[in-house]
Amino acid sequence: MLFTKFRASFAIGMLLVSAQVCATTMTAIDEAKWQFHQAQNLCVLEHQVAELALARFSSAQGGSLAFELKWLTASNQVGQAVLNSRSAPWRGVETARLAQGAWQQQVLRFNGAADAALNALVTGRWLDVTELGDGRQLVLPSVYLQQPYQDFRLCRGETGIERSADGTQFTLHFQTGAKHLTQNQAQQLNQLAKQVSQQPQVNRLQIDAYTDNRGGAELNLRVSQNRALQVANQLRRTLPVLPMDMHAHGQASSVSDNNTPAGRYQNRRVTITLLQVEQAL
């Protein structure tokens, strides 16, 4: 049986209902959390829905993303179910169908929609898995997701470009010792360059590269020089005539604590600043 409970005007717990009534369940908001862990070479981001099911994103480093829902109780799950993304309850009611799957040995797999499902959560939407026929639902909120999601991305080797609030600066992070752009980084830089090419007011780019404090200062300066150059060269494929100023800072100007892996990751960065006509040097 699935069940429903409402607190603060939306479902956050469990309320037993009869088998004939459409039912929804999710973990209480103050207990709902996504968790990251690494099992051998597998990166895992998961969320337990009450005591009933475990939602799980998984990927090897650099590999494709998988998404499954594993039933945890003894009851036998059969039939079809639909994976939807939905607006958070306080933003109205709006859903979008992502995929349909069938229970197999107590597991629903939606691998073809894994990227879309994770992106929905990251952008603040929720997910639900709705069984066809009786309409029973399991709801996956996007609360307490940010830090485990960042750890998951780091585990997968993803280093996407971060955009500042005002849209004038973009930050690219690097793995420890990385000497070359990944394919994902190159693709995102290409996308950024295309966006810049459509902004005639931008007439110059400033590229600043930084490292963490592991290794000597001279080595880190060279590493930052190489990363700045690689970023600039990738951008020039789309923006061959746009002036670009490059600055290598090595391990100077840390933005986070170098004593933690997450902090060092934040410090290994290249920033790309868009300079408009009135800002140009």
By side-chain contact (heavy atoms from CB on, under 4.5 Å), which residues pair with [X], not counting sequence neighbours?
X      : answer
Thr130 : Asn84, Asp128, Gln137
Gln251 : Thr211, Asn213, Ala217, Asn220
Ala116 : Leu98
Arg163 : Phe170

Do you see a donor-acceptor pair shorter than 3.5 Å between the side chains of [X] and [Y]?
X      : Y      : result
Arg156 : Ser59  : yes
Gln185 : Gln230 : no
Asn203 : Gln201 : no

Between [Y] and [X], is there a side-chain heavy-atom distance shorter than 4.5 Å?
X      : Y      : value
Gln199 : Ser197 : no
Ile207 : Leu235 : yes
Leu138 : Leu69  : yes
Val139 : Thr25  : no
His47  : Thr27  : yes
Gln234 : Asn190 : yes
Gln266 : Arg269 : no

Apply the side-chain hydrogen bond (donor to acceptor under 3.5 Å, both in side chains) test between Thr273 and each candidate in Arg204, Gln206, Gln169; give the one that qualifies.
->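 That would be Gln169; it is the only one of Arg204, Gln206, Gln169 passing the side-chain hydrogen bond (donor to acceptor under 3.5 Å, both in side chains) with Thr273.
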Rounded to the nearest 0.5 Å, how far does [atom2] of [Y] lie from [atom1] of [X]?
X      : Y      : atom1 : atom2 : value
Asp245 : Asp208 : CG    : CG    : 9.0 Å
Asp166 : Leu274 : CG    : CG    : 9.0 Å
Asn76  : Gln105 : CG    : CD    : 10.5 Å
Leu52  : Met26  : CG    : CE    : 13.0 Å
Gln80  : Trp103 : CD    : CH2   : 12.0 Å
Arg227 : Lys179 : CZ    : NZ    : 10.5 Å

Same apolar cluster (I L V M F W Y, side chains within < 4.5 Å links), [X]/[Y]:
X      : Y     : answer
Tyr149 : Val44 : no
Phe36  : Leu42 : no
Phe57  : Leu54 : no
Val122 : Leu83 : yes

How far apart are the closest heavy atoms of [X] and [Y], and which atoms are they?
X      : Y      : value
Ala232 : Met244 : O-SD, 3.8 Å
Ser164 : Thr168 : OG-N, 3.3 Å
Leu189 : Ile272 : CD2-CD1, 3.7 Å
Ala193 : Thr238 : CB-CB, 3.5 Å
Ser142 : Leu121 : CB-O, 3.4 Å
Phe174 : Arg268 : O-NE, 2.8 Å

After noting the C-alpha distance and the side-chain angles of Lys33 and Val143, does the key distance pass the side-chain contact (heavy atoms from CB on, under 4.5 Å) rule?
-> CA-CA 6 Å; Lys33 62 180 66 174; Val143 297; over 6 Å; no
Taking the side chain from [X] and the backbone from [Y], do they hold a donor-acceptor pair closer than 3.5 Å?
X     : Y      : value
Ser87 : Gly92  : yes
Glu46 : His37  : no
Trp34 : Pro141 : yes

May I have the step-by-step check of side-chain contact (heavy atoms from CB on, under 4.5 Å) for Phe152 and Leu65, ending in yes or no?
-> CA-CA 11 Å; Phe152 183 66; Leu65 185 65; 3.7 Å; yes
For residues 64-76, pull every pair meeting salt bridge (Lys or Arg N to Asp or Glu O under 4.0 Å), keeping only residues two or more places apart or in separate chains.
->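 As it turns out, the salt bridge (Lys or Arg N to Asp or Glu O under 4.0 Å) pairs with a partner in residues 64-76, which skip direct neighbours, are Glu68-Arg109.
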Tell me, which pairs form a salt bridge (Lys or Arg N to Asp or Glu O under 4.0 Å) where one or both residues lie in residues 138-149, sequence neighbours left out?
-> none
Is there any ring-ring contact (aromatic ring centres under 6.0 Å, His included) pair reaching into residues 217-237, and which pairs are they, with sequence neighbours excluded?
->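 Qualifying pairs: none.
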Residue pairs, two or more places apart or on separate chains, that pass ring-ring contact (aromatic ring centres under 6.0 Å, His included) and touch residues 238-260 =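 Those involving residues 238-260 are Tyr210-His249.
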Quick one: name the residues clustered hydrophobically with [X], using the 4.5 Å side-chain heavy-atom rule over I, L, V, M, F, W, Y, and just say none if it's on its own.
X      : value
Leu219 : Val223
Val255 : none
Val82  : Leu132
Val107 : none

Determine, step by step, whether Leu118 and Phe67 satisfy the side-chain contact (heavy atoms from CB on, under 4.5 Å) criterion, reporting the C-alpha distance in whole Å, the side-chain angles of both residues, the deciding distance to 0.1 Å, and the verdict.
-> CA-CA 9 Å; Leu118 184 55; Phe67 177 56; over 6 Å; no
Check ion pair Glu94-Arg125 (N to O, under 4.0 angstrom) = yes
Could you walk me through whether Val231 and Leu172 pass side-chain contact (heavy atoms from CB on, under 4.5 Å), step by step?
-> CA-CA 9 Å; Val231 168; Leu172 187 66; 4.1 Å; yes
